Colleague: 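Structure incoming, see below.
Please read these numbers as outputs of a predicted model, since none were measured by experiment. Here is how names work: the chains are called A, B, and so on, in the same order as the sequence lines, proteins then strands, and each is numbered from 1. Just so you know, these numbers use all the heavy atoms, side chains as well, and skip hydrogens, waters and symmetry mates.
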Amino acid sequence: MVGRKKKDVVVTNMKDEYIGHSIEVTPFADSDIEGGSLSMGALEDGGPGGAVPAQMTVSVEEGIEGGAEMEVVEMKHSPEKKRRVRIYSQKFRKEWLHLKEFQGWLTEGITDDRAHCTVCDKELLAGKSELLKHSRGKKHRTRAAKSNPNPPPVQHGLSRVIDEDGMPHLLRIVDLRSDTVTQPSREMKKAMMEATLGDDVFSEDPTVKTLEDRVAQMLEKEAALFVPSGTMANLICVMTHCWGRGSEVIVGDQSHLHLWAQGGMAQIGSVHHRTIKNLPDGTFSLNEVRGLVRDEHDPQSPLTSLICVENPHHNAGGKAIPLNWMDELGALCSELGLPLHCDGARLINASVALGTSPARIVQACDSVSLCLNKGLGAPMGSLVIGTKEFIAKAKRLRKVLGGGLHQSGIVAAAGLWALDHVAPRLSWDHTHARALAQSVCEEHSSAVTVDLKDVHTNVVLLHCDNIRVNAKKLCQRLASVTDEESDELSEQIVVMALAISDTTVRLVTHCDIRKEDVRSATRKLKCLKYIKLDVHLPANSCSRVSVVSPLL
Amino acid sequence: MERTNRIVRASYKIMWRRMYREDVLCRSIPGRQTRQYQSPSHTPTTMTDFKGVVVDLRSDTITKPSDGMKKAMMEALVGDDVYREDPTVSELEKRMAECTGKEAALFVPSGTMGNLISVLGHCEHRGSEVLLGDLAHIFLYEQAGMAQLGGIQPHIIPTNPDGTFDVDEIPVRLRYEDVHYPRTCLVCLENTQNVCGGKVVPLHWIDKVGEVAESVGLPVHMDGARVMNASVASGVSLERILRVCQTASICFSKGLGTPVGSVIVGPEKFMYKAIRLRKVLGGGMRQAGMLAAAAIYSLDHMVHRLAQDHHHAQLIAKAISEEKSRNVTCHPDDVDTNIIIVNLNPEAVTPDQFCERLLMVSEDEIHETGDGGVLVKVMPWTTTTVRFVTHLDASLDNIQAVITKLKYVIRELDSIH
């Protein structure tokens, strides 16, 4: 310590000074000085030295380099005690203004060792933990929420959410409910706005034509048709194949077409579902198929008109169907004289997982439905792909269902952009999914399990034993933030997932999930080990932030 | 109308086989191969050195989004509408519910789907029947969707030229409970009536239909694809027009210029059914907020300018009637909104020929009119009529050019026949 000058400063009203400075009076010790760690506690009860003396002479040492100016004070009491007191006074640091916790309310105070809270209009001591404590206080938060209806923009990747008490929280929200939640990027929107448009009902929209030709070429089929949704694409395919009355379709009992299309084939298309048991890998027994095909001469039977396969099989965990099985199925269908339809909602994901082209996968299929609004990130749209004759009939069905959009080139342009820019990076989604699955595997928890071998594409299924935790509770827990967790992780993370059954929670990665989101989700999943999942937490022990609909 | 109209693209091959004065044909711009068969799916290509104007008046659905609309679409906040998390769609639905005086609204991809959802939603049970006009769009041009997909029988009532039908027919045609009869579940109206020429249906008639329907316990659905035009033309608010209707379907993709989208409005309980029907039909779009933003923009900026389209339609109708041709006639009084039905003398020229002639430019015409020539695309409507529809992409200059062309063509036809 160089250039120390001793000077005697007589401090008269000692108690006020002490309280004002909130100085921790410690016995003199030749240890490192930590800047800023000052508290009121020791002072209130008079400190280790006993009662605060009414008057004392203080020697002040000045001129020490470094951020914290240390004033080593020799307290000369009246004759009873002589004790050397080190007083640490943290100066206000400009770097704090850049921290997210202090944005919007922190400014420099009157003196350089004070800070000012603009929201509460209060002078605070310039110490980081002091300021943090102030920011977490209820009064400050209420005032901040009230005074600032337009809060400053938050850091990228974080969201500002107001909870039920009106308190703002900064959260990292990782939406893994589905890959349909992807938002169109700025470049995608630019491509949409620059697209050449026409009226697609008159077949005059060049952008839609380009997209249809491109996808038809990609899958090595004759033609394609742009429709608003995957549900409509599948419905159109089934109804086109089953053009006559009294038709039946052989479809997997765990397939999307059977379970989650609201029975549209039957409701709207008057087509009968004939289900076949799906095996865990998404396939079904080909021998069983033979047994299900109806005798066309039997008036009691409807006519089997179509066989449907889903690739990748979503309910089975996004599994890509083995290529050789697809080929065998194709051969069987040719033998039986039945068309084969592939519900390829996430076909590009399957092609990335299998390492082949999408055309190779659907080689044996007569028609394919492909979604642009899922992992590919377009805002809406799907395609029906098949022969020219098939597409001509499909166009009629699209019109009667109400899918005849006018200037649909504006959304087709998003699909084209997605095929160019998002499709090449789909393998990242698979990597992210595997990372999430691995993080759960590493916990070796018996309550929540996942089989790493089952993660082929961007879907992770977490299996919950229904004893300690069920799927719904796990989803709720993932979407809530407790105080202990936010302290431990020093971040408030909300992971949104879907419970697809009592025992299964589905996580789906997509192009809007970045590395930081995966990292945060991983940390959150690991954190679950420490907190009991289905114990009812008392109301005052944590601030629950349940996010239903994030305000991004 | 003698028989149901076929909406076809102008089949140009018919044109060439008809009797058409040889000299007129030769005076057309050379390079156009007059004997070549052209399939109906090709639009006739213009010459590369054609310096004139092409005005498309086939329909107001061809309108493209303006720059302001595109900007609104780009800046819209979106979410997943299937999870009902899209804030822009919610805002549009709220605004439409408010301005129509209904409880709720639902954004759907097209007017066809809007009508289908409404009819299926009202007629939930097997063996239902719907009362509607014989010239209704739902009956003629929706590919019999209600029957094909919903198992519902349409029961038609003869339509008057002004777009109405006889209200007393409703209790007469209403089915009472009998094992031979289906059950009447719904009455459908259309405003503006497209086939009759974009006619604004009288308000007192709508109220009367509502009264009668209520007395027999039937709900009323309005196919209001162009009801905004009706509202602007008649000066009556949407809320007043739709007062007696339980549900209505309103298009944004027509005169209002949105690329895609319609809205159905009605009671909240109905909307729960409608959301399910929309999903099963495949209308559950994901980030539909971008399209909803275009619709909101059109609500703010495009509704009041519909009056201009009506004015343009009046100009064309007046120009045609001023020619006092015996072959091509039109009455300005028949033109209520933006649709003009032009009557043709079938012995002189058929609708297909007329449309084809409007798509050709002869050298004489260029010399006479002085500008580079005008090509006008219109739609053959029935066996004796042609339909013109004005819209926001046809400016006043375009309309003047169309009028010039029409006058020339009419005079040419009159000189031949």
Colleague: Under a 4.5 Å heavy-atom cut-off, does chain A meet the side chain of B:Leu291, its backbone, both or neither?
Modeller: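 Side chain of B:Leu291 only, per the 4.5 Å heavy-atom cut-off to chain A.
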Colleague: Any chance you could measure B:Leu281, atom CG, to A:Ile236, atom CD1, to the nearest 0.5 Å?
Modeller: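 Separation between the atoms: 10.5 Å.
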Colleague: Looking at CG of B:Leu120 and CD of A:Gln267, how far apart are the two atoms once the value is rounded to the nearest 0.5 Å?
Modeller: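 It comes to 8.0 Å.
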Colleague: If we define contacts as heavy-atom pairs under 4.5 Å, which of A:Met232, A:Arg186, A:Lys190, A:Met192 has the most with chain B?
Modeller: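 When all of A:Met232, A:Arg186, A:Lys190, A:Met192 are compared, A:Met232 has the most.
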Colleague: Quick check: do B:Arg58 and A:Asp199 have side-chain heavy atoms less than 4.5 Å from each other?
Modeller: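 No, their side chains stay 4.5 Å or more apart.
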Colleague: Within a strict 4.5 Å, meaning less than it, do heavy atoms of the A:Phe202 and B:Lys377 side chains meet?
Modeller: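 The answer is no; the side chains never approach within 4.5 Å.
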Colleague: For B:Gly282 and A:Thr231, which heavy atoms make the closest approach, and how far apart are they?
Modeller: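 For B:Gly282 versus A:Thr231, the nearest heavy atoms are CA-CB, 4.0 Å.
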Colleague: Would you indicate whether the side-chain heavy atoms of B:Pro65 and A:Leu197 approach each other to under 4.5 Å?
Modeller: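 They are in contact (side-chain heavy atoms under 4.5 Å apart), so the answer is yes.
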Colleague: If I take atom CZ from residue B:Arg286 and atom OG from residue A:Ser178, how far apart are they, to the nearest 0.5 angstrom?
Modeller: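 These two atoms lie 5.5 Å from each other.
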Colleague: Measuring heavy-atom distances to chain B, does A:Leu372 have an atom under 4.5 Å in its side chain, in its backbone, in both, or in neither?
Modeller: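 Neither; nothing under 4.5 Å.
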Colleague: Examine whether an atom of A:Ile268 lies under 4.5 Å from a heavy atom of chain B, and if so say whether it belongs to the side chain, the backbone or both; otherwise answer neither.
Modeller: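 Both backbone and side chain.
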Colleague: Around atom CZ of B:Arg84, are there more than 12 heavy atoms from other residues, nucleotides or ligands closer than 6.0 Å?
Modeller: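 Enclosed: over 12 neighbouring heavy atoms sit under 6.0 Å from CZ of B:Arg84.
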Colleague: So, does B:Gln143 use its side chain to make a donor-acceptor pair with the main chain of A:Leu397 at under 3.5 Å?
Modeller: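 The answer is no, because no donor-acceptor pair under 3.5 Å joins these two groups.
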Colleague: Examine distances only and state if a side-chain atom of A:Gln407 and a backbone atom of B:Thr61 form a donor-acceptor pair shorter than 3.5 Å.
Modeller: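 Yes: the side chain of A:Gln407 pairs with the backbone of B:Thr61.
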Colleague: Check whether B:Leu116 gets within reach of chain A through its side chain, its backbone, both or neither, counting any heavy atom under 4.5 Å.
Modeller: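 Just its side chain gets close to chain A.
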Colleague: Between B:Glu142, B:Lys71, B:Arg276, B:Lys254, which has the largest tally of heavy atom pairs under 4.5 Å with chain A?
Modeller: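 Among the listed options, the one with the most contacts to chain A is B:Arg276.
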Colleague: Rounded to the nearest 0.5 Å, what separation is found between the CE atom of B:Met69 and the CE atom of A:Met193?
Modeller: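 Between B:Met69 CE and A:Met193 CE, I get 11.0 Å after rounding to 0.5 Å.
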Colleague: Side-chain contact test, heavy atoms from C-beta onward, threshold under 4.5 Å: evaluate it for B:Leu149 versus A:Met239 and give yes or no.
Modeller: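 Yes; the side chains approach each other to less than 4.5 Å.
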Colleague: To the nearest 0.5 Å, tell me how far B:Arg278 CZ sits from A:Gln262 CD.
Modeller: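 Atom-to-atom, B:Arg278:CZ and A:Gln262:CD are 11.5 Å apart.
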Colleague: What pair of heavy atoms forms the shortest contact from A:Val400 to B:Thr112, and how long is it?
Modeller: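 Minimum heavy-atom contact is O-CG2, 4.1 Å.
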Colleague: Just how far is it from atom NZ of B:Lys279 to atom OG of A:Ser229, taken to the nearest 0.5 Å?
Modeller: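 B:Lys279 NZ to A:Ser229 OG: 6.0 Å, rounded to 0.5 Å.
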Colleague: Side chain from CB out, backbone as N, CA, C, O: work out which of these in B:Met290 comes under 4.5 Å of a heavy atom of chain A, or both, or neither.
Modeller: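 B:Met290 touches chain A through side-chain heavy atoms alone.
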Colleague: Using heavy-atom distances under 4.5 Å, tell me whether B:Thr258 contacts chain A through its side chain, its backbone, both, or neither.
Modeller: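 It is the backbone, since no side chain atom gets that close.
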Colleague: Please classify the contact of B:Ala294 with chain A as side chain, backbone, both or neither, using a heavy-atom distance under 4.5 Å.
Modeller: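 Neither part, no heavy atoms under 4.5 Å.
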Colleague: If you count the non-hydrogen atoms of other residues, nucleotides and ligands that lie under 6.0 Å from NZ in A:Lys209, is the total more than 12?
Modeller: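 Result for NZ/A:Lys209: enclosed.
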Colleague: Can you tell me if CD on A:Glu222 sees more than 12 non-hydrogen neighbours from other groups inside 6.0 Å?
Modeller: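 Yes, the 6.0 Å shell around CD holds more than 12 heavy atoms from other groups.
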Colleague: Name the option with the most non-hydrogen atom pairs under 4.5 Å to chain B; the candidates are A:Val227, A:Ile410, A:Asn234.
Modeller: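 Option with the top pair count is A:Ile410.
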Colleague: Could you walk me through whether A:Val411 and B:Met285 pass the side-chain contact (heavy atoms from CB on, under 4.5 Å) test, one step at a time?
Modeller: CA-CA 11 Å; A:Val411 274; B:Met285 303 177 286; over 6 Å; no
Colleague: At a heavy-atom separation under 4.5 Å, does B:Gln148 approach chain A through its side chain, its backbone, both, or neither?
Modeller: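 Both parts, backbone and side chain.
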Colleague: Which region of A:Ala378, side chain (C-beta onward) or backbone (N, CA, C, O), has a non-hydrogen atom less than 4.5 Å from a non-hydrogen atom of chain B, or is it both or neither?
Modeller: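 When you check distances to chain B, only backbone atoms of A:Ala378 fall under 4.5 Å.
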